[in-house]
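These notes concern the structure reproduced below.
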Amino acid sequence: MLDSDTKLRILRSMITARALEERLIMMSKSADGFFWIGGPGEEAFNTCLGVLARPGATLDHDFFHFHYRNSATMVAMGMDPLDAIRQMAVRVTDPFTGGRNFCGHYCRRQWNVVPVTSTIQTQSAVATGTARAQKRHGGTGITITTSGDAGTAEGDFTIGLNWSTQPGWELPILYIVTNNKYGISTRYSEVHGHSRVADIAAGFGIESHVVDGNDVSASYEVIASAMQVVRNERRPVLIEAFVSRLHGHSSSSGGNRVPEGAEVDPLSRYAEQLLGEGLIESAQFDSWLDQERQRMGDFLQQAKNEPHPAPESIYDHIFATTEPSKC
Amino acid sequence: MLDSDTKLRILRSMITARALEERLIMMSKSADGFFWIGGPGEEAFNTCLGVLARPGATLDHDFFHFHYRNSATMVAMGMDPLDAIRQMAVRVTDPFTGGRNFCGHYCRRQWNVVPVTSTIQTQSAVATGTARAQKRHGGTGITITTSGDAGTAEGDFTIGLNWSTQPGWELPILYIVTNNKYGISTRYSEVHGHSRVADIAAGFGIESHVVDGNDVSASYEVIASAMQVVRNERRPVLIEAFVSRLHGHSSSSGGNRVPEGAEVDPLSRYAEQLLGEGLIESAQFDSWLDQERQRMGDFLQQAKNEPHPAPESIYDHIFATTEPSKC
Amino acid sequence: MLTMAQAIRLALHYGEEHLGVTDIFGEDVGPPLGGVFTATQGLRTAWNSPLDERGIIAHALGLALAGQKPVCEIQFCDYIFNTIDLLKLAGNTHWTSAGQYNANMVCMTVVGAGIHGSVYHSHSFESIMAHIPGWKIVLPSRPIDAYGLMISALKDPNPVMFLYPKALIRTRGTEPLPGLEGLSESDLKKRIDAPAGRTLNEVAKLRETWQPQWPSGLTDYQVPIGQARRVRSGDDLTIISYARHVPLAELACRELAAEGISVDLIDLRSLYPWDRELVFESVSRTGRALVINEDTPVCNFGEHILREITEHCFYQLQAPPRLLAGADVPGIGLNPRLENASVPQQSDILNAARTVAQTVA
Amino acid sequence: MLTMAQAIRLALHYGEEHLGVTDIFGEDVGPPLGGVFTATQGLRTAWNSPLDERGIIAHALGLALAGQKPVCEIQFCDYIFNTIDLLKLAGNTHWTSAGQYNANMVCMTVVGAGIHGSVYHSHSFESIMAHIPGWKIVLPSRPIDAYGLMISALKDPNPVMFLYPKALIRTRGTEPLPGLEGLSESDLKKRIDAPAGRTLNEVAKLRETWQPQWPSGLTDYQVPIGQARRVRSGDDLTIISYARHVPLAELACRELAAEGISVDLIDLRSLYPWDRELVFESVSRTGRALVINEDTPVCNFGEHILREITEHCFYQLQAPPRLLAGADVPGIGLNPRLENASVPQQSDILNAARTVAQTVA
Ligand SMILES: Cc1ncc(C[n+]2csc(CCOP(=O)(O)OP(=O)(O)O)c2C)c(N)n1
Ligand SMILES: Cc1ncc(C[n+]2csc(CCOP(=O)(O)OP(=O)(O)O)c2C)c(N)n1
Ligand SMILES: [Mg+2]
Ligand SMILES: [Mg+2]
C-alpha cells in the first residue's frame, strides 16, 4: 500500500507530465515545434515506473531503453520539463539530442537513459546488451525497456525474450509493453491473434503480468514486485499494461483527439481517487495543474530565447575521439 | 496404422534417400562436387512428410518452403535422385538451379517447391504468403515449411507464427522444426532457455506436437493428423521432430562424422523393425541398399557427362520477360 | 490537377481492376487510414498488416511465389533497412531458380527529407536499393509519372521498388492524367479522397460506409521503366536528378538561364535501369555534368552515374563532373538549420551548377 | 609465418588482455569450434550466441552502451543484410545523442568469393557498409595488416566493421608479426591452434581441457585506420584495390612489368576513412586509375573512389579511369565457370590494366 506522501508525489508528478504534454502538443500546432508524439494517457503507469526506477550512471543503476511515450517516467525520475520543451523547440540546449531529434526521444547518459530510437522495437533486442553487462557485474541494477503493443509484432520483440533466457545467462530485464490497443490506426485485435502480449513471454518461460495501467495503485504494486524479482533473482519479467492514448497516435495521424470520455483519463481518475480519500481537495488539484501549465508556458518563453544549433554543427559528434568514461 | 505396402514404400524411399546422401558426401570429398549439406539421420521423418504431401503446381497442391536437409522428402515425392546428383555436380542439367546453387537447395515449380534459400529461417516468414493465397483460394492445399532448431532463434520464426494467426486469416501452414539438438557446433541447450521449440508456438495459440522423428510410425501419424487439421481447419500447426545428424553439420564443419552409435540411425532402426515384423528379410534389405548405391554411382557417371553451364549464362534469368503462368 | 498520392491511388485502383493486383498491404494501409500518406485509401484489396517490415516483405514474396500480384508498402523507407536480406532474396529468386519463379511484386515506400522528419523520417534509400540486383527501381517527381510508373511496375513480372518523395506527395501536378482530363480537382477529391474527421473513431465511423467513386476513363498510361524525361533543354551543362530535387533544379535552371547558363535538365524517373542513352547524349553535347540527389555521398547512386559518364563521355568532358548530394552525416537533424545544411538547397544547386558550368581548364 | 585467422586470434587475445575486450561472440564463436574460420579459438571471453544476426548486432550495441567492449561476429557477411537498420543505429548513436554515448564495438565478418561458396557464401559487403555513416571500415589482405587493423579497431572508440576476405584466411603472410619474430610456424600452431578431431564429440572432448599457450611478446602493433599501403611503385598506372584482389593484382603487376607497364599498386586496407592523399598523389602522377574489387558494380565502393579521383585529379587524367568489379548479377554461381565469370580473374585484371594504361586520347 502506498503511503500518503508517495501518493501525493505521484499525483504531482502526473500533473507535471500532463502539463508538459499539453504544452508540447500546443507547440506542435504553433510555430514553436514540429512533430509531436508522447504519452498523455500513460501517466499513471509511467509515473510509477519513474518513481520506482533507479537512474544513475553506473551498472549498479538501472538502464532505460524507452519507447517514445515515456515523458512521465522522465519527469518522475527528476527531469526538468524545461529540457523536454527545449527538445521540442529544437534548441541546441536540448540536452538529449542537441536539437537533432523529435520530442520524446530522450537520452541522458548520467541516468543510463540510452537513446530512444524511432525504429520500433529494436530496443527490446538492444536491451539484452546492457542487461548482460549488469548480470556480469552483479548487484541489483536492472535494464528496463518499454514499447507499444503493435511493435511486439517485430521479430525484435521475441529476439529480446530469447536472448534474456539463455541458460546460465537469464538477464535482469523488466520488459514493459504499454498496450493502448492501437498501432497508429490499426487495432491490436485486427493484427494479433493472441489476446495478451504476455502470452508470448510465457512461451519463453518468462514470468508475466497484466495490469490496468490507468490504475496507479495496481501499477505501482505490479512494477514494485516485478522489479524485486528482476533485481534479486536476475531474471526477466514482463508487464503488459493497458493504457489510454488520449491524444491519438501523434500530431500527424489523421484525427488525433479521442472523443471525450472514450478512454479513461488516468490523471482525473487518480485525482478523483485521492479526492475520495480526502488526501487532496478539488481546488488544490486545480491550482496545481494551473501552476504547472503556467510553468510550462514560462519554460517555452525561456527555451525560445535559447540558441539554435549552428548549421555546421551537423559534423559534430560523428566520431568520438576518446573512449567514453567507464560505467 | 500403416499398411504393409506403405511401410515398404517408406523403407525403400528411405534407402534411396540414404544412398543418395552417401553419394553426395562422396562427391564432396572427390573432385565431383563441392560443399555438401543434407539429411542423413532425418530420413524417417522426412520420408513420411514426402509420402503424405501433395506436390503439384496449383494452389490446390501443397507449397514447400524447405530447409536444406529435405532430400528424403523430395525423394519420397518422386524426385529422380539423378537430379540431386546433377545439382551436386553443378551441371547445367541441375533442374533446380542450373548449376548455380549448393546441393539440397531444391526448387521445382511443377511441385510448388519454392527455392530453398541459404538464409536460415526466412522461409518461415515467406511461407505466410503462399499460405495466404491458399487460404483465399479455399480447398485443402497447404503450405509446409521446415527448418532446424537453431534457426528458430531468428526473429523470422515468430514472425511466421504471428502472421499465420491473424484474426480471420489463420493460415494453413504446417510448421516443421527438425531438432537435431545442434546448430553447427552449438548445442540447442546452450542457447535456448525453453526446452521445446513447440512452447513458442503455444504462446501464439498454435497447436503443436513433439515427436521422435526417428520413429517412422510416430512421425507418420503425427504428420497425417496435423495435416488433416491444417488442410481442413485452415489453421497452423507446428511439429517439432527430434532427429539425428548422422554426418555432422556439413562437409565443411570441423569433425563431421558422429561417433558410431552416438545417434540413432533411423534407417537401421526402421529396417530392424520391419525385419522383426517379418515384412522384409535381411538379405533383401542389403540388396536394396546395394542396388541403390550402385544406381547412384551410375547416375554420377551420367551427370559427369552432362554439360557445364556456360560462363556467359550468368546473365540469364536476371529479369523475367513474361508473366509467370498462373497457379 | 491531381496530387501524387491521388495518382498512386488511381494507378493501384487500375491495377486491382485490370492488372490482377491481389493484395495491397502494409502498416495502416487498409481502412480506416488508407496509408499515412493517403495513397491507398478506398482500395478494394488494401489491408492492414502487423507492424513488421520483415513480415511485410517476406509475405509479399510468398504471395508472389504463389502467383499472386502483391503491392506492399513500407511506411517510411527509414524502416526498410531491416529487410535488405529479404529484398536480396526477392531479387535473386528468378536467377537462383534458373528462371522457374519470378517475384512478381511491387514494394512502395516514401523517401527523402523536406517535411521536418528528423533522424528517422528523412532517409534516402535509392543508393542501397540500386546495389541489390534483380530489382527495377523507379522514383517519380510528378503525379503523372507516378501514375505511369506504377502502371509499368504492375505490368512488370519482376520485383519493382516504387520509391516516392514524401515532400512532393501533396504537390499538385501541372499535367492532367490521361483519361481524366475533364475532371476538376475538387470533383476528383470528392470522389476518391476519404472523408476526414476530428477523431480516429469519427474517421473510422465515417469511412465504414464510405465508398470511393472511382472515375471512369482511367487508362493504362505507362511511363516505360528506364526512360528519363528531359525537363529543360540546354547546351552548357547537364543536370541529372530525380525526385524532390527535380523541381528544385528546375527553379535553379530559370535563375541560371538569366545568368546565361543554359541547362539540359534530366529527370531520371527510373534508377534501374536508367536512361544511359539520354544522359550520355546530353553530357557528350554539354561536356559538363552535375548529378543532384539527397542521399549520403559514399556509394551514392550519383557516383554510379558519374562513373558511367566518365567512362563513356571522358573525351567530351570539359570540366570535372560533380555530385551534389546530402552531407556525409549519420542523420538529418530536426532543427531546420540542420536539415538545410544536410540536404542540397536551392543555393547549393546554383553554386554547384555555376562551378561546373564555368570551370575552365 | 602466420595465417590471417591466427593473426586475428592473436590480436583479439591481445585485446582481451590489454585493451579491455569483454565479449567476443557470435554463431559458433565460442568453444568448441572457435569460429567456422578458427579466428576465435581459445579466447577467454568468446562465447556462442543464438543463431540470430539481429540479436548479435543489437546485443553488441547494448553491451557498448553499458561501457563494455564487445567484438561480435557475423558468420558470413552474406547473413548481415538483415541487420542494416541496427548497423545504422550503431553508426548514429554518437551523433544522435549529441556526443553522450558511443558505440564502442567491433563487428567482424568474412567477405568475398573464392572458396566455391555459391550464392550465399560469396557476397561482398563493403559497398553497402560504406554507405552507413558513423562506422570505420577496414579490410586487410595480409595477416600482419589484419593484426594491426584489429588492434586499431579495438582501440578506436567508434563502431568499426572489420571485414576480412574468406579466400585469404588460411594463406600465410610473408611478414613476421612484431614481437613474434622468433616463433616458428609449427610452434605457433602448436601453441594456439585448437586440436582437431574426427567427430564433433571428439573435438569437444579434446578442447574441453585444451588451453592455448599464448606467446608472450605480442605488441600493440597498429595499422592506423585510414592508411593505405603502397604494394608496388610504378609510374604508368595506379591500381587501387583491397582484400583478395591485392595478391591477384600483385601477380598481374609482375606480368605487366614484363610488358613494360609499371604499376603503382595500392592496397587501401581501410575503406572508411580511406587514404585519399596516397591515392590522389599516385593518380596525379600516373594519370591513369583502375579500381578493382569483386562487389557488384552499381553503387560500388570503387565508384566512390573514382568519383573522388575524377573530382580531384581531373586535369591529370590521361585516360578514362576504370572500375573492374563483379558482374551485375544476383548471385555467384557455384559452378566454377559461373564464379569465374562473375568476379574479376587474373586475366580480367591484365586486360583492364592494359586498356587503361594504353589508351591514348
Ligand atoms: C520499425 C518501424 N516501423 C514503423 C514505424 C512507424 N511507426 C511509428 S509509431 C508506429 C505505431 C506503433 O504502435 P505501438 O507499438 O502500439 O506503439 P504506440 O504508438 O501505440 O505507443 C508506427 C507504425 C517505426 N517508427 N518503426
Ligand atoms: C541467416 C543465416 N545465418 C547463419 C547461417 C550459417 N549457418 C548455416 S547452417 C547453420 C546452423 C543451422 O542450425 P539449425 O537451424 O539447427 O539447422 P540444422 O543445420 O541443424 O539442420 C548456420 C549458423 C545461415 N545459413 N543463415
Ligand atoms: Mg499501441
Ligand atoms: Mg539443428
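Naming convention: chains lettered A, B, ... in sequence-line order (proteins, then strands); numbering from 1 in each chain.
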Checklist line | Steps toward salt bridge (charged side-chain N to carboxylate O under 4.0 Å, His left out) verdict (C:Arg229, C:Asp267) | finding: CA-CA 5 Å; C:Arg229 173 174 73 99; C:Asp267 176 1; 3.5 Å; yes
With a 4.5 angstrom heavy-atom cut-off, which part of [X] approaches chain C: side chain, backbone, both or neither?
{"X": "B:Val92", "result": "neither"}
{"X": "B:Ala127", "result": "neither"}
{"X": "B:Thr97", "result": "both"}

Residue selection (most heavy-atom pairs with chain B, distance under 4.5 Å) from [options]:
{"options": "C:Asp23, C:Thr93, C:Ile57, C:Leu86", "answer": "C:Asp23"}
{"options": "C:Asp52, C:Thr96, C:Asn92", "answer": "C:Asp52"}
{"options": "C:Pro50, C:Pro133, C:Ser97, C:Ser49", "answer": "C:Pro50"}

Check: So does B:Arg86 pair up with B:Asp94, basic N to acidic O under 4.0 Å?
Finding: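 No, no charged N to carboxylate O under 4.0 Å.
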What residue, out of [options], has the most heavy-atom pairs lying under 4.5 Å from chain C?
{"options": "B:Ser124, B:Ala125, B:Pro309", "value": "B:Ala125"}
{"options": "B:Arg132, B:Gln123, B:Arg108, B:His105", "value": "B:Arg132"}
{"options": "B:Val116, B:Thr143, B:Thr122", "value": "B:Thr122"}
{"options": "B:Pro95, B:Cys107, B:Ala320", "value": "B:Ala320"}
{"options": "B:Asn101, B:Asp156, B:Thr119", "value": "B:Asp156"}

Notebook entry, point to check: What do you reckon, are the aromatic ring centroids of C:Phe37 and C:Tyr164 less than 6.0 Å apart?
Noted result: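 So the answer is no for these two rings.
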Check: Does the ring centre of C:His121 sit less than 6.0 Å away from the ring centre of C:Tyr79?
Finding: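 Yes, the ring of C:Tyr79 comes within the 6.0 Å limit of the ring of C:His121, centre to centre.
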Margin query: Given the ring of C:Tyr101, does B:Arg109 sit roughly above its face, with NZ or CZ under 6.0 Å from the centre of the six-membered ring and within 45° of the axis?
Written below: yes
Notebook entry, point to check: Taking the six-membered ring of C:Trp47, is the NZ or CZ of B:Arg136 close enough (under 6.0 Å from the centre) and on axis enough (within 45°)?
Noted result: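 Checked: cation-pi criterion not met.
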Next item on the list: Would you name the heavy atoms of C:Pro32 and C:Val203 that are closest together and state the gap between them?
Entry: CB-CG1, 4.3 Å
Margin query: For C:Leu61 versus C:Ala103, what's the shortest heavy-atom pair and its separation?
Written below: CD1-CB, 3.8 Å
Next item on the list: May I ask you to check whether B:Asp316 and C:Trp95 show a side-chain donor-acceptor distance below 3.5 Å?
Entry: no
Next item on the list: Below 4.5 Å from any heavy atom of chain B, which atoms of C:Asp85 appear? Answer side chain, backbone, both or neither.
Entry: side chain
Note to self: Under 4.5 Å from any heavy atom of chain B, what part of C:Lys136 do you find: side chain, backbone, both or neither?
What the structure shows: both
